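Below is one structure; the comments refer to it alone.
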Number of protein chains: 2
Amino acid sequence: MKRRNTATKEAVLSVLQSSGKAMSQGAIEKKIGIDINRATIYRVLNRYCDDGVLHRIVADDGRQYFAVCIKCDEHLKPLHHFHFRCEKCETIECLPEPVHFSLSNDYVVKRVNCVITGICKDCAKS
Amino acid sequence: MKRRNTATKEAVLSVLQSSGKAMSQGAIEKKIGIDINRATIYRVLNRYCDDGVLHRIVADDGRQYFAVCIKCDEHLKPLHHFHFRCEKCETIECLPEPVHFSLSNDYVVKRVNCVITGICKDCAKS
DNA sequence: TGTATTATTGCAATATTGTCGCAATAAATA
DNA sequence: TATTTATTGCGACAATATTGCAATAATACA
């Protein structure tokens with residue numbers, strides 16, 4: 001399944017890159033300017049996740065958020081960092097803080113999803 | 001708002017206590033034997049959370065899971081431990097492993113939700 | 001450049017999770 | 001036993017996310 005370049009895909013990625021944060025489908029749709037179908041945005045996001053371009057975070061509001069994999073290379077495991085969800089500005093930022101845990105070898109670890117929820121430093125000021 | 005004892009509430013708590021794991025509304029409904037309305041189960045679970053009897057985990061499947069607060073006293077912060085979600089047996093277990101992270105004081109932390117997803121040690125064997 | 005292939009998209013429908021209003025029921029108290 | 005009101009069941013609803021299908025358009029190739 002070879003990928004094709006489309007304006008839609010580029011627009012979605014561009015929004016995420018310029019925001020620098022993890023965004024939900026709804027937030028992307030608001031920011032993107034052009035009119036793109038909801039289902040299409042989800043499909044674009046899912047494909048980017050499959051390709052390792054984005055990573056997915058599920059916050060404790062039950063929604064999916066997507067962020068550009070900046071440091072997601074073979075050295076630093078993609079999802080093993082904390083995320084901070086601000087309840088005020090409705091954004092999620094990737095924290096540099098890595099997630100450490102030890103688990104018996106009997107367990108097979110596939111994904112790690114860590115979200116701290118509260119008020120971010122920008123919103124806490126005002 | 002004084003609480004009242006009902007068979008429904010006791011049955012829900014009993015299921016969670018005997019399982020020893022975190023369960024979703026759906027899983028509770030399957031195990032509980034008696035016929036209880038979906039909305040009622042949610043309301044019972046939410047009330048238990050308000051009262052500090054249960055704690056809520058949101059897994060990366062986007063669903064809410066509920067577990068008895070065994071060590072949730074004033075010494076050990078309730079939600080600051082890891083959870084492991086097994087994709088095979090569809091359960092979530094509370095790990096003894098505490099969650100450590102450092103965050104600038106500018107942030108206000110309200111909740112921590114950490115879920116490791118994979119195959120648990122019991123399912124990995126078979 | 002023109003054509004064929006098939007990845008991508010839009011639309012509508014659907015599944016799932018969780019909540020809410022309202023009337024009926026039943027637990028606790030006097 | 002009678003009263004108060006927390007709890008429950010039912011139905012409706014909201015929101016998120018996915019899927020099937022037909023139409024569109026990006027890519028490769030003649």
Side-chain angles (χ1 to χ4, degrees), chain A residues 1-16 22-51 53-67 85 87 90-92 111 113 115 117, chain B residues 1-16 22-51 53-67 85 87 90-92 111 113 115 117:
Chain A
M1 179 88 75
K2 222 175 273 176
R3 300 296 185 213
R4 292 178 183 177
N5 295 323
T6 67
T8 295
K9 290 173 66 176
E10 281 169 26
V12 169
L13 193 57
S14 167
V15 166
L16 284 170
M23 298 172 75
S24 65
Q25 176 276 325
I28 293 169
E29 192 172 346
K30 273 187 200 163
K31 274 255 175 160
I32 206 166
I34 56 177
D35 191 52
I36 304 176
N37 186 268
R38 229 184 45 248
T40 302
I41 296 180
Y42 275 113
R43 276 187 284 224
V44 168
L45 292 169
N46 284 330
R47 266 176 282 159
Y48 275 137
C49 285
D50 291 343
D51 297 347
V53 176
L54 299 179
H55 63 272
R56 182 195 321 264
I57 306 112
V58 179
D60 57 356
D61 59 1
R63 287 190 291 178
Q64 301 183 355
Y65 290 77
F66 301 86
R85 179 168 79 92
E87 289 183 318
E90 300 269 349
T91 64
I92 292 191
R111 285 183 297 283
N113 191 75
V115 181
T117 302
Chain B
M1 178 89 74
K2 221 174 275 178
R3 301 295 185 214
R4 292 179 183 177
N5 294 325
T6 68
T8 296
K9 290 172 67 175
E10 280 170 26
V12 169
L13 193 57
S14 166
V15 166
L16 285 170
M23 299 172 75
S24 66
Q25 176 275 324
I28 293 169
E29 192 172 344
K30 272 186 201 163
K31 274 256 174 159
I32 207 166
I34 56 178
D35 191 52
I36 303 177
N37 186 268
R38 218 162 40 99
T40 301
I41 295 181
Y42 275 114
R43 276 186 285 223
V44 167
L45 291 169
N46 284 332
R47 264 175 284 160
Y48 275 137
C49 284
D50 292 342
D51 297 346
V53 176
L54 300 179
H55 63 273
R56 181 195 322 264
I57 307 113
V58 179
D60 58 355
D61 60 0
R63 287 190 291 178
Q64 302 182 356
Y65 290 76
F66 302 85
R85 178 168 79 91
E87 289 183 316
E90 301 269 349
T91 63
I92 292 191
R111 285 184 296 283
N113 192 74
V115 181
T117 302

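Residue numbers begin at 1 in each chain, while the letters A, B, ... track the order of the sequences. Please read all numbers here as calculations on a predicted model, not as lab measurements.
Distance CD1/B:Ile36 to CZ/B:Arg43: 12.5 Å, rounded to 0.5 Å. Taken from CD1 in A:Ile92 to CG in A:Asp61, the straight-line distance is 6.5 Å, to the nearest 0.5 Å.
Phosphate proximity of C:dT9 to A:Thr6: present, with a side-chain N or O under 4.0 Å from OP1 or OP2. At D:dA17, one or more side-chain N or O atoms of A:Tyr42 fall inside 4.0 Å of OP1 or OP2 (strictly under the cut-off). Put simply, B:Arg3 has a side-chain N or O that comes within less than 4.0 Å of OP1 or OP2 on D:dT7.
Toward the 5′ end of DNA chain C lies the nearest nucleotide of A:Arg38, the other residue of the pair A:Arg38 and B:Asn5 mapping further downstream. Residue order along DNA chain C, read from the 5' end via each residue's closest nucleotide, puts B:Tyr65 first among B:Arg43 and B:Tyr65.
Which of D:dG9, D:dT8, C:dG18 sits closest to the side chain of B:Gln64 comes down to C:dG18. Of the candidates C:dA26, D:dT8, C:dT9, D:dT8 carries the atom nearest the B:Arg47 side chain, counting heavy atoms from C-beta on. Across C:dT19, C:dT17, D:dT18, the shortest atom-to-atom separation from the side chain of B:Arg63 is found for C:dT17.
In this structure, NZ of B:Lys2 is placed 12 Å from P of D:dT7, rounded to the nearest angstrom. The distance between atom CG of A:Asn37 and atom C1' of D:dA17, rounded to the nearest whole Å, is 12 Å.
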